[in-house]
Amino acid sequence: MTMNVPAYAAPAAKAPLERTTVPRRAVGAHDILIEIKYAGICHSDIHQARDGWGEGIFPMVPGHEIAGVVAEVGASVTKYRVGDRVGVGCFVDSCRECAYCEQGLEQFCTRGMTGTYNDRDRNGEPTYGGYSTHLVVDEKYALRIPDALPLDVAAPLLCAGITLYSPLAHWKAGPGKKVAIVGMGGLGHMGVKIAHALGAEVTVLSQSLRKEADGRKLGADHFHATSDPATFEKLAGTFDLIVSTVSAPLDFGAYLSLLKTDGALVNVGAPEEPVSLNLFSLIGGRKTLAGSMIGGIAETQEMLDFCAAHGLGADIELIRADQINEAYERVLASDVRYRFVIDTATI
């Protein structure tokens, strides 16, 4: 039997979020029912609730940084028990049959992964995200949150954590590598923590030096202001890897000039506007301009275990559900250090 659960939803594009109820499917044989404890606010929630990335499905319940406790398990569930600490990230299903799904790269599913919200499930029903009290999901698409990670600081790891861990691991950030993180917001601050824990020499490239003390506290070895033209002259040819977390268009030529030969500039931020690039910026140095999008289930679990082992949680500001709209405006104003997390008990 389906159930209706309390949630906060945008009733239409660009409309303020408001309290409502949304349906959750009956717990199937392989499903678990999660009592959501905390849900992070990702900048992508704002993009989607405001149709920044295209037409959305409304009413929309955002939220793909979900941490909670198993409240019920289906008859055939083997991975979890009632009371287990679990999380859900950016997707809740995939085709399970293509080459990418078989490799544990469900985020690249050829038929398209099913987003945790603003998507449609196998039955054509809208998916609703984590700004709610409960979620039903197939056990294959839930993650185990280690006991060493408090649930509130673990929630943002389900998007922000894996979004940075995946490219840092793929491009082999570690001892002997010079890594730059562009932007130090919700994504970037996790990039600094993870790159430092991996053993890389870490530089933050931020618009100003306003967050320098924070950056060094989180593990940055160096901190430079990109608003200063001298920064690009001083750091030319320095980095093995640059990970850009910003969602505003960049001067890619300028940032590519900071790479060593064979270096890579990886984008995890997604600007709403198209960007341009002079290809000579790539050709002159055999450089790579790349993108990266979260990780599969196995890699996300690897990230959670890594963060637990190194004591890495997100730096958060815990809010009530009735503060979501205010939080959205503060995210846009870069007025959060460094992730808003909703206490879903207040929904």
Side-chain angles (χ1 to χ4, degrees), residues 32 34-48 61-70 79-80 84-94 104-107 113-119 127-169 185-191 193-194 245 268 270 292-310 312-319 331 338-344:
I32 59 173
I34 301 172
E35 180 183 353
I36 300 173
K37 298 295 187 181
Y38 301 100
I41 293 180
C42 178
H43 200 152
S44 62
D45 297 346
I46 303 173
H47 284 298
Q48 295 184 74
V61 177
H64 56 208
E65 297 182 337
I66 299 167
V69 176
V70 176
K79 190 175 178 182
Y80 299 108
D84 284 352
R85 307 163 82 250
V86 294
V88 173
C90 298
F91 59 95
V92 290
D93 204 355
S94 61
L105 299 171
E106 298 94 344
Q107 74 273 30
M113 65 181 186
T114 301
T116 303
Y117 70 91
N118 194 27
D119 206 347
T127 57
Y128 298 112
Y131 297 8
S132 59
T133 60
H134 293 80
L135 176 70
V136 177
V137 65
D138 187 295
E139 64 174 329
K140 292 180 181 292
Y141 295 85
L143 289 304
R144 186 177 299 279
I145 297 178
D147 291 340
L149 289 173
L151 289 178
D152 55 355
V153 301
L157 301 181
L158 277 301
C159 175
I162 187 57
T163 296
L164 273 296
Y165 181 87
S166 187
L168 289 168
L187 294 177
H189 93 287
M190 286 308 309
K193 290 186 177 190
I194 293 170
T245 70
V268 298
S292 181
M293 180 186 71
I294 56 173
I297 295 298
E299 187 177 44
T300 305
Q301 188 64 60
E302 177 184 297
M303 175 276 304
L304 287 169
D305 294 342
F306 177 89
C307 287
H310 290 85
L312 305 182
D315 285 20
I316 68 168
E317 182 175 333
L318 195 63
I319 63 168
V331 169
Y338 282 93
R339 203 60 150 189
F340 285 117
V341 172
I342 304 161
D343 179 353
T344 58

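Just so you know, these numbers use all the heavy atoms, side chains as well, and skip hydrogens, waters and symmetry mates.
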Query raised in the report: So do L157 and Y165 actually touch side chain to side chain, heavy atoms under 4.5 Å?
Result: no
Report summary line: One should read off an interatomic distance between E106 CD and I294 CD1, to the nearest 0.5 angstrom, of 9.5 Å
Requested in this report: State the OH-CD1 distance between Y338 and I316, to the nearest 0.5 angstrom.
Outcome: 14.5 Å
Query raised in the report: Can you name the side-chain hydrogen bond (donor to acceptor under 3.5 Å, both in side chains) partners of H47, sequence neighbours left out?
Result: E272
Report summary line: Scanning both residues in full, the closest heavy-atom pair of D84 with K79 reads OD2-O, 4.4 Å
Report task. Give a yes or no on whether the backbone of C307 and the side-chain of H310 come within a donor-acceptor separation of less than 3.5 Å. Result -> no
Report task. Give the C-alpha distance, both sets of side-chain angles, the deciding distance and a yes or no for side-chain contact (heavy atoms from CB on, under 4.5 Å) between L151 and V69. Result -> CA-CA 9 Å; L151 289 178; V69 176; 4.3 Å; yes
Requested in this report: Taking the side chain as every heavy atom from C-beta outward, state whether K193 and D315 have any atom pair closer than 4.5 Å.
Outcome: yes
Requested in this report: Please test E65 against R339 for side-chain contact (heavy atoms from CB on, under 4.5 Å), starting from the C-alpha separation and ending with a verdict.
Outcome: CA-CA 11 Å; E65 297 182 337; R339 203 60 150 189; 2.7 Å; yes
**Report entry** Nearest-0.5 Å distance that lies between atom OG1 in T133 and atom CD1 in I34
**Finding:** 12.0 Å
**Report entry** Residue among D138, D119, V137 satisfying side-chain contact (heavy atoms from CB on, under 4.5 Å) with V92
**Finding:** V137
Report task. Please name the pair of heavy atoms, one in V268 and one in L187, separated by the smallest distance, quoted to 0.1 Å. Result -> CG2-CD1, 4.2 Å
Which pairs would a plain distance check flag for residues 35-44, meaning a side-chain donor or acceptor within less than 3.5 Å of a matching protein atom at least two apart in sequence or in another chain?
unit_1	atom_1	unit_2	atom_2	d
E35	OE2	K37	NZ	3.1
S44	OG	H64	NE2	3.3

Requested in this report: Enter the distance from I194:CD1 to M303:CE here, rounded to the nearest 0.5 Å.
Outcome: 7.0 Å
Requested in this report: For the pair I66 and L158, evaluate side-chain contact (heavy atoms from CB on, under 4.5 Å) and give the outcome as yes or no after the intermediate values.
Outcome: CA-CA 7 Å; I66 299 167; L158 277 301; 5.9 Å; no
Query raised in the report: How close do T116 and G89 get, heavy atom to heavy atom, and via which atoms?
Result: OG1-O, 2.5 Å
Requested in this report: Could you please spell out the steps behind the side-chain contact (heavy atoms from CB on, under 4.5 Å) verdict for V61 and Y131?
Outcome: CA-CA 6 Å; V61 177; Y131 297 8; 3.9 Å; yes
Report summary line: When every non-hydrogen atom of L304 is compared with those of L149, the smallest separation belongs to O-CD1, 3.7 Å
Query raised in the report: Pick one: which of D152, L318, I319 meets side-chain contact (heavy atoms from CB on, under 4.5 Å) with I342?
Result: I319
Query raised in the report: Can you find a heavy atom in the side chain of I162 that is under 4.5 Å from one in the side chain of Q107?
Result: no
Report task. For the pair S94 and Y141, evaluate side-chain hydrogen bond (donor to acceptor under 3.5 Å, both in side chains) and give the outcome as yes or no after the intermediate values. Result -> CA-CA 9 Å; S94 61; Y141 295 85; 2.9 Å; yes
Report summary line: Nearest heavy-atom contact between S166 and G295 is OG-CA, 4.4 Å
Query - Taking every non-hydrogen atom, the tightest pair across P156 and V341 - result: CG-CG2, 3.7 Å
